[in-house]
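The next block holds one structure in the form of structure tokens; read it before the comments.
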Amino acid sequence: MKYQAPEIERKWQKVWEERGLHTTDLNSKKTKYYALVMFPYPSGDKLHIGHWYNYAPTDSFARYMRMRGMNVLEPMGFDSFGLPAENYAIKHGVHPKKSIAHNIATMEQQLKATGAMYDWSKEVVTSSPEYYKWTQWMFLQLYKRDLAYRKQAPVNWCPSCQTVLANEQVQDGTCDRCHSQVTKRDLTQWFFSIRQYGDRLLEFGGLQWPEKTKLMQQNWIGRSEGAQIDFELEADKDNEIRGTGEKVTVFTTRIDTLFGCTYVVLAPEHPLAQKVATKKHRTEVQEYLESTRRKNDIERSSEEREKTGVFTGGFAVNPVNGEKVPVWVADYVLASYGTGAVMAVPAHDERDFAFAKKYKLPIRTVIKPRVGIAKEGEPFTENGLLLDSGEFTDLSSEEARMEIVKFLEEQKKARFTVSYKLRDWLISRQRYWGAPIPIIICPKCGDVPVPEKDLPVILPDDVDFEPKGDGKSPLASCPEFVKTRCPKCKGPANREVDTMDTFMCSSWYFLRYVDPQNDKAAFDPKMVKKWLPIDLYVGGPEHACMHLLYARFFTKVLYDAKLIPFDEPFTRLVHQGMITKDGAKMSKSKGNVVSPDSFVTQYGSDVFRMYLMFMGPFTEGGDWNDRGITGIARFVDRMWTLINALHAEKDSPELVRELHQTIKKVTEQIEVFHFNTAIASMMELLNATTQSGMSLKSKKLFVQVLAPFAPHLAEEAWEKLGAEFSIFETTWPKFDYKLLQSATFELVVQINGKVRAKIPAEVGITKEEAIEAALSQPGVQTQLKGKKRLKEIFVPDKLLNMVVGE
RNA sequence: GCCCAGGUGGUGGAAUGGCAGACACGUACGACUCAAAAUCGUAUGCCGCAAGGCGUGAGGGUUCAAGUCCCUCCCUGGGCACCA
């Protein structure tokens, strides 16, 4: 009798829904377990293999936790604002509101067909006014805490998406959505001060996160300890510095090399770059500043490109020895990092060295290796001992870094500081499909936040949302939206027309799931206290330095505002791997997309999900292969045959041992997301029953263990075996250590580390007995002929290694 | 360039320092069948008729014993990239 997957799956999905099996009672006294997957954005209208690969195994884990007695919450929702949804709408000539409603409806049906136990009563859709009202409220909380500010700055601009991008959304100088080259624009934009949280975001105490992800965030935050040093600018009758007492502050991590500084470099955007230029050099400097402004990031940071720069004519004074050094402007110095100015030490820095060589600037060695000598013709960039450095000579780099700063600190010419690569989070977007920024710009009062009682600031429907290439938000062309009154002075004012980065929506959605219908608050603090932080969060590693960082930032801000009692949102984080086709990422443009639908129709969702889990370790992903799925299909059919076969009277001790080994293995492997080996052990157990069959009692245990992996099959089998609905309300089987023990084992006999015999032996035999047994083996005897026995290594109940020599 | 992760049969992959290749795909042969498919059974790392030998990217080392630990190098994937 073949297992009829489609019918049976439909049957149980209906029963589960009717009986409300997947509706989590948030007020239950049972221990809570919050299992969450990163919610999808409904930009296409279908679930692809990546969704399945992410969601199905996570659901299996959640089902397992449920059987472990936890009150599991597994919610689902849609991240429906943003560029992908908007671009889809533009392409299909539909209003995004319509297209996402359609796509969500389709995806909901497909998600239900996976058989996952999502609690749809807690669904969240971020583009609904009921939701984005609170996203805007979040903005106001940050604003209140002085963590949101508007500033004119050079920002990343994607000419194709017609919007600015956060630093995190630029990859290799291109837009992470459309891969167009990103250019720079000077715009006034809203930022969040995530940099202020740099140090706290570096802490991962107690979090079960992949080391790799923590490292990626640490590298992205890029904390460096160093010092700022002030170089006074030499007054020159020819420049604008004269009489102003201006100074250049540089940032360095290598204060120990200060005596080797032979020039100072300003970034082209540095405010002093023009001022310091003398009359003679002014034209040249101006031209250089112009030319760098025209270049994009790629051109500016290209490795092959030679460094360029110009001498300003100005000089700065090295505070440690009063030496006058020339001031240059060069675009190898970044305006956005440190102070936008550096002291150049060509002898001990690769970049300064290359620049000094090109422009024939002096190179002065002030650090020597502790042992040996430095290589000729290249900079020595490691720590060492100081040379020709006045009273600091002979100190180690480490000591000198402390001493020199202390010395200059007394004269107020230096101080210890910390720099971060992390930049503040730019959240303004010049696009239509997002939550409007709740700010009113009043000609009298300036930026005024929209009062909380006036939220949400509704995104108008009737707007020509297609970008017109003027770099302005489409909302700017909607006077009904723009024209408003200032909440303070009641005079006429304009609304901010930019919308918020979608990452704002996803930075707090996990709080909303536990109280999704609340129209008085973003969430009920009692519910959040009970249900968060999230026990398990599963999603792709590509979010390491975006969503995951932003969500941590938001959580810390809400914690500081005493709105929530925890400051880390995700206790355990797991990344799924990527499914490829012929080694390549699946994409519509490559035409190598594998659709789950036909496989689900043919084999059922149980088989499909189990195959995805069986392919390899969950975190590794893998290459899709049509053929392998038959292995799982056979397993399911044979399982079904076993269920329906006559129950054996009694199981052999070996089969009982095998059963308990399987329970143990599956339990252990599921905990660490090694679903592939868990399934393999169930296959072994099934293989062991082909001759003997299985007793009813054992079958039930077997089916329970299988349940998280093949929920429909298990529920049907549970019924077939005469047990009461639902298998998911039963308790996960325990394995019995006593039953795992065997009276005999196979003694492995090695000679000089090579296996020469395997002897059945009784558990607990002594070394002497083992040697005796080994010597009786003909194979061992041949190997020992003419050799001297030197010693034996005996591993009880496992192995005997005989070491022999001539 | 820097920082991670990884390299195991024809394929996906498995192995707390203790039998390399579990489990599965594929392949071959057999059973069933008029036949095919499906199913079931047997075999399947490589060389060799065999005894045996060789095998976890390469080369060294530690150890009674190394896929696993250490060193050097090569390759693949991911992240960062003029961050001073």
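Keep in mind that this is a model prediction, so the values were computed, not measured. Within every chain, numbering begins at 1; the chains are lettered A, B, ... in the order of the sequence lines, protein sequences first and strands thereafter.
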Within 6.0 angstrom of A:Gln691 CD, more than 12 heavy atoms from elsewhere:
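Not more than 12 within 6.0 Å, no.
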I'd like to know if the side chain of [X] and the backbone of [Y] have a donor-acceptor N/O pair within less than 3.5 Å.
X	Y	answer
A:Thr339	A:Ala341	yes
A:Tyr359	A:Gly309	yes
A:Gln741	A:Tyr737	yes

Can you name the ring-ring contact (aromatic ring centres under 6.0 Å, His included) partners of A:Phe608, sequence neighbours left out?
A:Trp52, A:Trp624
Under 4.0 Å, counting only non-hydrogen atoms across every strand here, what does [X] touch: a base, just sugar-phosphate, or nothing?
X	result
A:Val755	sugar-phosphate
A:Val803	sugar-phosphate
A:Asn801	base
A:Ser681	nothing
A:Glu746	base
A:Arg638	sugar-phosphate
A:Gln750	base
A:Lys421	base
A:Pro541	nothing

Nearest of [options] to any side-chain atom of [X]?
X	options	value
A:Val795	B:rC3, B:rC19, B:rG18	B:rG18
A:Asn676	B:rG12, B:rA84, B:rA14	B:rA14
A:Thr677	B:rC3, B:rA15, B:rC19	B:rA15
A:Trp220	B:rG18, B:rC23, B:rA81	B:rA81
A:Asp331	B:rC82, B:rC54, B:rU16	B:rC82
A:Ile793	B:rC23, B:rG18, B:rA84	B:rG18

With [atom1] as the reference atom in both, quote the distance from [N] to [M] in angstrom, rounded to an integer.
N	M	atom1	result
B:rG77	B:rU16	C1'	28 Å
B:rG1	B:rC49	P	48 Å
B:rG9	B:rU56	C1'	10 Å
B:rU63	B:rC70	P	16 Å
B:rC4	B:rU27	P	43 Å
B:rU42	B:rC47	P	24 Å
B:rU8	B:rG59	P	16 Å

Numerically ordered, the residues 682-692 of chain A set in heavy-atom contact under 4.0 Å with RNA chain B is A:Met683, A:Glu684, A:Asn687
Judged by nearest nucleotide, the residue sitting upstream toward the 5' end of RNA chain B, A:Arg423 or A:Met216, is A:Met216
Pick the nucleotide of RNA chain B nearest each of A:Met615 and A:Gln783; which residue has the one closer to the 5' end?
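Looking at RNA chain B, the more 5' nearest nucleotide goes with A:Met615.
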Given atom NZ of A:Lys665 and atom C1' of B:rA14, what is their separation to the nearest angstrom?
8 Å
To the nearest Å, give me how far apart CE (A:Met802) and P (B:rA65) are.
16 Å
Counting just side-chain N and O atoms, does [X] come under 4.0 Å of either OP1 or OP2 of [N]?
X	N	value
A:Asn219	B:rC2	no
A:Arg634	B:rU39	yes
A:Tyr332	B:rA84	no

Do the charged groups of A:Asp352 and A:Lys307 touch, with an N to O distance under 4.0 Å?
no
Relative to the ring of A:His348, is the ring of A:Phe380 parallel (under 30°), tilted (30 to 60°) or perpendicular (over 60°)?
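Because their plane-to-plane angle is over 60°, the rings of A:Phe380 and A:His348 count as perpendicular.
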Between A:Phe353 and A:Phe355, is the ring centroid distance below 6.0 Å?
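Centroid separation for A:Phe353 and A:Phe355: 6.0 Å or greater.
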Are A:Phe311 and A:Tyr263 an aromatic pair, judged by ring center distance below 6.0 Å?
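Centroid separation for A:Tyr263 and A:Phe311: 6.0 Å or greater.
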Syn-anti status, with the boundary at 90° from 0, for the nucleotide B:rG61:
anti
